[in-house]
Each structure stands twice: as C-alpha cells, then as structure tokens.
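Remarks on the structure that follows.
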Amino acid sequence: MRAADFIVRSLEAHGIERLYCVPGESYLALLDALHDSNRINTVVCRHESGAGFMAVAEAKATGRPACFAVSRGPGATNGSIAIHVAEQDALPVVALVGQVSRAERGRFAFQEVDYQQFFGGMAKAVWEVSDASRLAELMPRAFHTASEGVPGPVIIVLPEDMLYDDVAATVSGPWPLARPGASASNADQVAAMLATAERPLLMAGQVMRSPEGKAGLAAFAHAHQVPVATTWKNQDVFDNNDPLYAGHIGFGSPPPHRDLLSKADLVIACGTRLGDVASLNYTFPSAPEPAQPLIHIYPDAKPIGRVFRTDLGLVADPAVLLGQLATRPAAHAAARGKWAGDIKTFIDGFMAFNPSSPSDGVDFGRVVAAIARHAPADATIITDAGNFSSWVHRHWRMTPDNLMLGAIAGAMGFAVPAACACAMMNPERMAIAVVGDGGMLMTGQELATAMAQGAKPKIFLSDNGIYGTIRTHQEKHFPKRVSGTDLHNPDFSAWAHSFGAHVVTIDKGYDIDTAVASALDHDGATVVHVHSSREAISAFTTISKLRGE
Ligand SMILES: Cc1ncc(C[n+]2csc(CCOP(=O)(O)OP(=O)(O)O)c2C)c(N)n1
C-alpha cells in the first residue's frame with residue numbers, strides 16, 4: 001500500500017472522522033489518499049491556526065485524540081499555536097506535518113524546518129518518518145503517546161517523497177492504554193485525612209470532564225459536604241447552582257475569594273495538574289509549602305509534587321476514586337455547614353449580576369446574562385481569550401449538562417474555529433462562542449469553513465474597539481497612557497454578512513433579550529455583533545476606576 005494510503009487507513013482505524021487541514025504541495029499524496037476515504041471528512045480551513053484550534057477543540061470536547069494536517073515550513077509555523085495550546089491544555093492532538101523530500105533534507109531547502117528543534121519543547125514527541133515501513137509502529141504510537149499519562153501533542157513529520165513509498169505492513173487500530181484504577185487503600189488514605197478536616201475544599205480539574213467524572217464529583221461532594229471549586233475553564237464540571245459550588249478559579253478570581261478558600265484545612269486537588277492559573281499563580285495552594293495538607297489525585301505521577309509539597313499523592317483515576325469515597329460513611333459532614341455556608345454566601349454575591357448603563361456602548365455583561373437565560377441547558381460554551389469572557393465566568397451559572405471549552409493557554413483566536421468544530425461534530429448541540437474584536441480578526445475567517453461545512457455556530461462578538469484585556473493592564477500600570485491597544489475595526493456586521501452568516505446587531509438602547517433570543521432561534525450560522533462599551537471594560541472594573549477617576 002502507498003504510505004499516504006497507509007496513513008489514511010490508520011487514521012480511520014483510530015476513529016478519526018475529521019482531518020482539519022490547509023493543503024500544501026508537500027503532502028499531495030496524502031490529499032489524494034483522503035480522496036478515497038468515505039470515513040474521514042477533510043475539513044479545509046482558511047488558516048493553519050484555525051485547523052489546529054479545531055483539532056484542539058475536538059480533543060477537548062471528546063477527550064479523544066483529534067488530528068490536523070499542515071504543509072511544511074509556513075504551514076507548520078502557522079499551526080504551531082495549536083501545538084502550544086495542546087501542550088498547555090494537556091490535549092491529545094496528533095499533527096501531520098509536511099516536510100521536504102529526504103534527498104533535500106539538511107540542505108536549507110525551500111520551506112525546510114527542523115521540527116525536532118521547532119516543536120521539541122512543546123510536543124510530547126516529534127517523529128520524522130524517513131522510512132515508510134516505520135509507519136506501522138509510529139501511527140498507533142502517536143495516538144497512544146498523545147493520550148497516555150498527561151495528554152499532549154505529537155507531531156508526525158512526513159517527507160514528501162516518503163508518502164509514495166510502499167508499505168507492506170497491516171494497519172492496526174488503537175493500542176490499549178494503561179490506565180490507573182483506584183484501590184480501596186487509596187480511598188482509605190483519603191478518607192482518613194478527610195475524617196479530621198472541618199473545612200475541606202476540592203479543586204476539580206479537566207480530568208473530571210467525563211460523565212463519570214462529573215457524576216463522581218457530585219456524589220462525593222454531597223456525601224461528605226465538601227465544597228468544590230472548579231479550575232480555569234473547567235466551570236462545567238460541577239453544578240454552579242449547587243450550594244457546595246465554591247467558584248471558578250483563575251484569572252479574575254478576586255483576592256477575597258482566594259482568602260476565603262485559603263481558610264481550608266484540607267485541599268483535595270482532583271484531576272488537575274495544579275498549574276499556574278489553576279493555583280492562582282501558585283498562591284493557592286501556596287508553593288512550595290501549602291498552608292494546609294494537600295491531597296493530589298491525578299492519573300499520572302508527573303504533575304504530583306512538581307511544584308507543591310504534597311502530603312498524599314495518588315496516581316489514580318479520580319472519577320473512580322471519588323465514586324468509591326461517595327459510598328463511605330461521612331465523618332464531620334454536619335460540622336461543615338458553616339464553612340460551606342460562608343463559601344455559598346460569597347459565591348452568591350460574587351456571581352450576582354448588576355447591569356450598568358455606560359454612555360459609550362452596551363454593557364457586554366447584559367448580553368452574556370441574556371445568552372445564559374436563553375441558551376439550551378446543554379449548550380456548549382466556548383470562550384476566546386479576552387475581557388469579554390470575564391462576564392461568562394463570573395455570572396453564567398453553568399451545570400454539568402453544559403460543555404465549557406476555552407484555552408487554558410489563553411490563546412486568542414480559539415473560539416471561532418472551536419465553535420465551528422463543535423457545530424460540525426454535534427449539529428444537535430448548540431455551540432455558542434464568545435469572542436472579542438481582537439480574536440475575531442485573528443481566526444474569524446473560519447466562519448467560511450463553517451459555511452462550507454453547513455455548520456451552525458452562534459458567535460457573539462464583543463466589539464469594543466480595543467484590545468481590552470491589555471488596556472486594562474495598561475490603565476492599571478500606566479494610567480491614561482494609551483499605547484498599542486486601540487483597534488481600527490471593519491464593519492463587523494457587514495463583514496459577517498459577506499460570509500453568508502445570519503447577522504444580528506446589538507447597539508445601545510436595543511432590546512437585548514429579544515435580539516439574543518432571536519439569534520439563538522435562527523437555524524444557521526449566526527454572528528451577533530455587539531457594539532460594546534469600552535468604559536465597562538470587564539466584569540470587574542471600568543476604565544474610570546482604573547484611572548482612579
Ligand atoms: C494569540 C495571542 N496574542 C496575544 C495575546 C495577548 N492578549 C491577551 S487578551 C488580548 C486582548 C483581547 O482583545 P479582544 O479580543 O478585543 O477582547 P477584549 O479583551 O477587548 O474583551 C491580548 C492581545 C494572547 N493571549 N494571544
């Protein structure tokens with residue numbers, strides 16, 4: 001079989017249904033092999049970052065490996081943002097990357113890149129296939145490596161001429177993953193520490209996203225009356241209406257929130273790597289010596305004890321372990337009422353939305369509040385990176401029926417491609433993206449991909465004419481010295497309309513509820529163009545306040 005055909009059969013054997021790509025002459029044979037696949041939808045994107053972000057979104061939404069293909073040199077470098085995000089977000093993404101022919105390698109050939117050097121610091125593995133017979137091993141190994149332990153990106157580099165070689169081997173499907181379970185003695189150890197805690201707190205991370213994870217988490221929290229905080233961009237793993245919800249931890253968490261949670265006398269970090277944002281820049285728990293005993297449960301040993309002294313580190317499946325613990329007798333549960341009550345009082349106050357009426361545009365929080373009111377209960381909610389998302393995290397009470405997707409890596413440009421991918425993957429589930437005017441012009445052109453695929457994402461655009469997040473920092477550190485943060489924008493309504501999308505415009509004085517409801521009702525790709533206020537710069541502050549006016 002031709003190597004290119006072997007690769008496509010191998011993708012099929014691994015359950016790949018969509019290959020997001022931008023074509024290149026470096027992998028014509030692969031495109032030709034895809035022509036014969038009736039199981040893989042070749043999703044042609046408009047920029048490699050869009051293709052990569054779609055694969056990232058698919059991996060995040062499903063927990064399974066997703067794939068994208070890019071051409072050599074500029075294609076690969078354009079797509080590199082997705083490799084970085086897949087690393088930072090711990091997602092199983094396999095990238096197929098074009099390469100110059102083997103005879104040209106090392107001669108500074110046209111579009112030649114040494115991918116080991118380029119991606120080596122980000123990817124879990126970079127394999128250049130100079131011998132096509134190795135594909136039989138490298139294809140399943142790539143998927144396996146991307147998924148095992150802490151998931152992450154794997155790069156398969158495809159020299160152009162190698163794709164035409166003959167491969168005699170048979171195609172194999174996914175290799176079984178070695179997965180940790182959870183032993184009764186693991187549960188004993190956690191139970192023993194929990195038994196003496198009056199103010200325990202569970203921090204729930206990405207690994208809890210599976211239905212079993214969400215169910216185990218709720219069962220455990222209720223059985224033992226343990227408040228649950230969700231880590232950055234994992235707001236959907238626990239019901240935000242639950243009296244035990246202890247909030248979403250990450251950018252924008254105000255100091256009183258951290259101070260309150262810091263009163264915990266036991267922290268159980270569950271299915272989180274306890275990274276920078278999840279730990280509020282390593283202040284909660286405090287690094288390297290947490291102020292309280294720390295239990296860290298994760299399916300891989302690598303993140304445990306990496307930054308924090310950990311009293312009990314367990315390499316275990318957190319969903320199974322929490323499920324086991326939920327059936328154990330609860331000690332102290334009643335005594336935890338005041339602790340849980342104090343947290344609930346804080347969260348209720350913090351999540352309540354008080355709309356403002358700035359003179360220079362729409363308070364984007366009003367739009368977010370309207371989306372939350374009208375969106376289907378199982379909506380997928382996708383955030384780009386920027387201030388507009390502060391209202392989403394602060395005021396939208398999500399539940400485990402939702403799916404929340406956002407780049408922990410904070411990469412702008414994620415939301416539109418991610419919404420396109422989600423709408424393609426599951427047309428019955430509404431995919432709602434929230435994006436700023438900054439991120440929109442980074443990857444918003446993937447709206448064309450959505451139109452080509454018949455996908456129907458709902459994209460809410462906060463057009464405030466500034467890189468608002470950076471303006472916030474700027475006004476804080478250099479008040480009134482605006483530099484490099486103003487934007488000159490196109491007419492986004494006309495722009496979105498030109499793609500063939502349905503467009504709803506919201507300006508000051510409009511009936512926001514009616515506009516949002518009609519946008520969500522429309523059966524087609526929709527862009528809601530909101531003329532947002534600059535003054536109401538985020539869910540936490542205003543430009544005037546930042547300037548001390
Ligand atoms: C790819 C990328 N480039 C730059 C940044 C730095 N950055 C973070 S937020 C932001 C501004 C976002 O602006 P916008 O999308 O307009 O949303 P706003 O903050 O105004 O609501 C920038 C430039 C980033 N996170 N990602």
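Along the sequence shown, residues are numbered consecutively beginning with 1. Note that ligands are numbered from 1 as they come in the structure, with each ligand's atoms numbered from 1 the same way.
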Do [X] and ligand 1 have an N or O pair less than 3.5 Å apart?
X: Tyr467; value: no
X: Ile466; value: yes
X: Ile81; value: no
X: Ser462; value: no

Just need the protein heavy atom nearest to [atom], so name the residue and atom and give the distance.
atom: atom 19 (O) of ligand 1; value: Thr469 OG1, 2.7 Å
atom: atom 8 (C) of ligand 1; value: Ile470 CD1, 3.9 Å
atom: atom 14 (P) of ligand 1; value: Gly438 N, 3.6 Å
atom: atom 16 (O) of ligand 1; value: Asp437 OD1, 2.6 Å

* Which residue from Met440, Arg471, Met412, His473 reaches closest to atom 3 (N) of ligand 1 through any of its heavy atoms? ->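 Nearest heavy atom to atom 3 (N) of ligand 1 lies in Met412.
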
* Do Phe346 and His257 have ring centres separated by under 6.0 Å? ->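 That pair passes the under 6.0 Å test.
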
Taking 4.0 angstrom as the limit, do [X] and [Y] come out as a salt bridge?
X: Lys456; Y: Glu428; value: no
X: Arg64; Y: Glu58; value: no
X: Asp348; Y: Arg397; value: yes
X: Arg273; Y: Asp300; value: no

* **Ligand-side contact atoms (ligand 1) for residue partner Gly468, heavy atom cut-off under 4.0 Å** => 13 (O), 18 (P), 19 (O), 20 (O)

* Asked: Around His522, counting heavy atoms of other residues, nucleotides and ligands shown, do more than 12 lie under 6.0 Å from its NE2?
  ->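 Result for NE2/His522: enclosed.
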
* Asked: Does Gly410 have a heavy atom less than 4.0 Å from any atom of ligand 1?
  ->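 Within the 4.0 Å threshold, so yes.
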
* **Gly439 to ligand 1, any heavy atom closer than 4.0 Å** =>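 It does; at least one heavy atom falls under 4.0 Å.
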
* Looking at Phe350, is Arg394 sitting on its ring face, NZ or CZ under 6.0 Å from the six-membered ring centre and within 45 degrees of the normal? -> yes

* Pair Asn41-Gln453, side chain to side chain donor-acceptor pair (under 3.5 Å): steps then yes or no -> CA-CA 10 Å; Asn41 176 4; Gln453 293 285 330; 2.9 Å; yes

